[in-house]
There are 2 protein chains.
Amino acid sequence: MESLRERKKQRTREALLRTALELFTTEGYERTTVDDIAEAVDVSQRTFFRYFAGKEEAALALMEVTVAHFLQSVRERPPHEAPMEALRQAVLEGWDTLNDVIEAIAPVELYLRMCRVVESTPALLAAHLRRSAEVEETLAAVLAEREGVDLDTDPRPRLAVAVFGGVMRLTERQWSVGEDFSLDAMRALTVSYLEQVGPALSESWRTH
Amino acid sequence: MESLRERKKQRTREALLRTALELFTTEGYERTTVDDIAEAVDVSQRTFFRYFAGKEEAALALMEVTVAHFLQSVRERPPHEAPMEALRQAVLEGWDTLNDVIEAIAPVELYLRMCRVVESTPALLAAHLRRSAEVEETLAAVLAEREGVDLDTDPRPRLAVAVFGGVMRLTERQWSVGEDFSLDAMRALTVSYLEQVGPALSESWRTH
DNA sequence: TGTCAATTGTCAGTGGCTGTCACTAGCCTC
DNA sequence: GAGGCTAGTGACAGCCACTGACAATTGACA
């Protein structure tokens, strides 16, 4: 059983996050000041920074949840799957179960809108890409362990993850600029792109 | 022939850039304030911001030159080369001729040191990755044109570039954390990684 | 030389973020 | 249930990146 203190803290954090996301998606990230958020929640600006390391962290909080969810999916993949297949299955399975995970925090619709904001806000996109790079490193370690190879001497884990990450980021981006913001559309794009990686690297694209 | 004004402006910009890079590499990016740079060059802080959109822009100025150099190399590749081969040749050729391009602005050694700073400074790394994403978009357009395919309907250009970009960023990173900071080492890594992409994506890595 | 325009300095202000310190409110013990 | 302890908070001061506005300076050019 949680203490009153814990619950209060939790409520403050949720209020801050929800308000922040709401403002970011309606007013825009840059046009929303931390003071705006704090004022709307009726706490001091200082308190905001006690819950979030910065404005960015609040904006990317939902992405962080999906990342954790995806990483978990990868770790749970049966060890007999080949590396790329495990990653592929993990994302696909991830999209299936993501709905519930997100909904526990905020409406999925808010998540989708926030994705677009991230993609269209330079500062947020930069932070997101940096975070993605960190995730790739983690992922490489997971693959290395799965396959029993040494991360320091064998470049294949990092290579596979770099390729995979590149394709996934392209997927994210294309999805966010498209018109269908459903998770289904995301899954369709994922499958389509992953299937086309091989052909795209082939000798020539010209259909002479 | 350039006017006195032009030359003065050029000199101011060079002084600001050189001083900034020097301070970034010796004192660290975050510990160097814009005021420090401006004071060292003996101009007002405001003037710094008239030459650079921000602290980051100064820090990434050399990277920007190499990016432009690389893009140029790609555009000059003979049209009969397959997409990935053109990219590959462009980087390799790029490393060969990069020395002269950089040296015209700052000592190559400063460039190398700055690369490490970028890789180890979160804010700079984020900005660098964002810029890389932009470059990939440009590159995709170049490839689409070369191959005569439509960027909007054919995902292959962006896919190829995403994969290539992923591998190149991995190369950059591994090079910057390694101990051999020569351009030769960079080229060797490039070749090695590009060669291993195929195998890394293969079914299994286990040498059962 | 005097006028025009580009470049710069100065100043004031905004916004993200941090350190400090006093205060309040939940918690725990006696 | 009174008192002490401590986590959480607000208030304030301050740093730094960055911007707008305006005045001062300096090269360009008639």
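Order of the sequence lines sets the chain letters (A, B, ...), proteins ahead of strands, with each chain counted from 1.
Note on R187(A) versus E93(A): no salt bridge recorded, every NZ/NE/NH1/NH2 to OD/OE distance being 4.0 Å or above. Ion pair R130(B)/E134(B) flagged as a salt bridge, since at least one NZ, NE, NH1 or NH2 atom sits closer than 4.0 Å to an Asp/Glu carboxylate oxygen. One finds a salt bridge joining R77(A) and E81(A) here, because a Lys/Arg side-chain nitrogen approaches an Asp/Glu carboxylate oxygen to under 4.0 Å. Comment: E109(A) engages R113(A) in a salt bridge, judged by a side-chain N to carboxylate O separation of less than 4.0 angstrom. The pair R131(A)-E64(A) meets the salt-bridge criterion, since a charged nitrogen lies less than 4.0 angstrom from a carboxylate oxygen.
In this entry the distance linking CD of E56(B) with P of dG16(C) reads 16 Å, nearest Å. dA17(D) atom P lies 9 Å from atom CZ of F48(B), rounded to whole Å. Whole-Å rounding puts the R5(A) CZ to dT24(C) P distance at 15 Å. The distance between atom CZ of R50(A) and atom C1' of dT24(C), rounded to the nearest whole Å, is 13 Å. Atom-to-atom, CZ of R31(B) to C1' of dT18(C) comes out at 17 Å; the value is rounded to the nearest Å. Across the protein-nucleic acid pair, K9(A) atom NZ and dG26(C) atom P stand 14 Å apart, rounded to whole Å. One atom, CZ of F52(A), and another, P of dT18(C), lie 14 Å apart when rounded to the nearest Å. Per the geometry, OH belonging to Y29(A) stands 14 Å off P belonging to dG15(C), to the nearest Å.
Side-chain polar atoms of Q89(A) and E85(A) form a donor-acceptor pair below 3.5 angstrom.
Within a heavy-atom distance below 4.0 Å of DNA chain C, no residue of residues 113-134 of chain A is found.
In this structure, F181(A) and W175(A) have perpendicular ring planes: the angle between them is above 60°, well past the 30° mark.
Comparing R46(B) and K8(A) by the nucleotide of DNA chain D that holds the closest heavy atom to each, the one mapping nearer the 5' end is K8(A).
One finds a side-chain N or O of S3(A) lying less than 4.0 angstrom from the OP1 or OP2 phosphate oxygen of dC27(C). Within the structure, a side-chain polar atom (N or O) of Y51(A) is placed less than 4.0 Å from OP1 or OP2 of dT9(D). Put simply, T47(A) has a side-chain N or O that comes within less than 4.0 Å of OP1 or OP2 on dG10(D). Remark: K55(B) is not in phosphate contact with dC18(D), judged by side-chain N or O atoms under 4.0 Å from OP1 or OP2.
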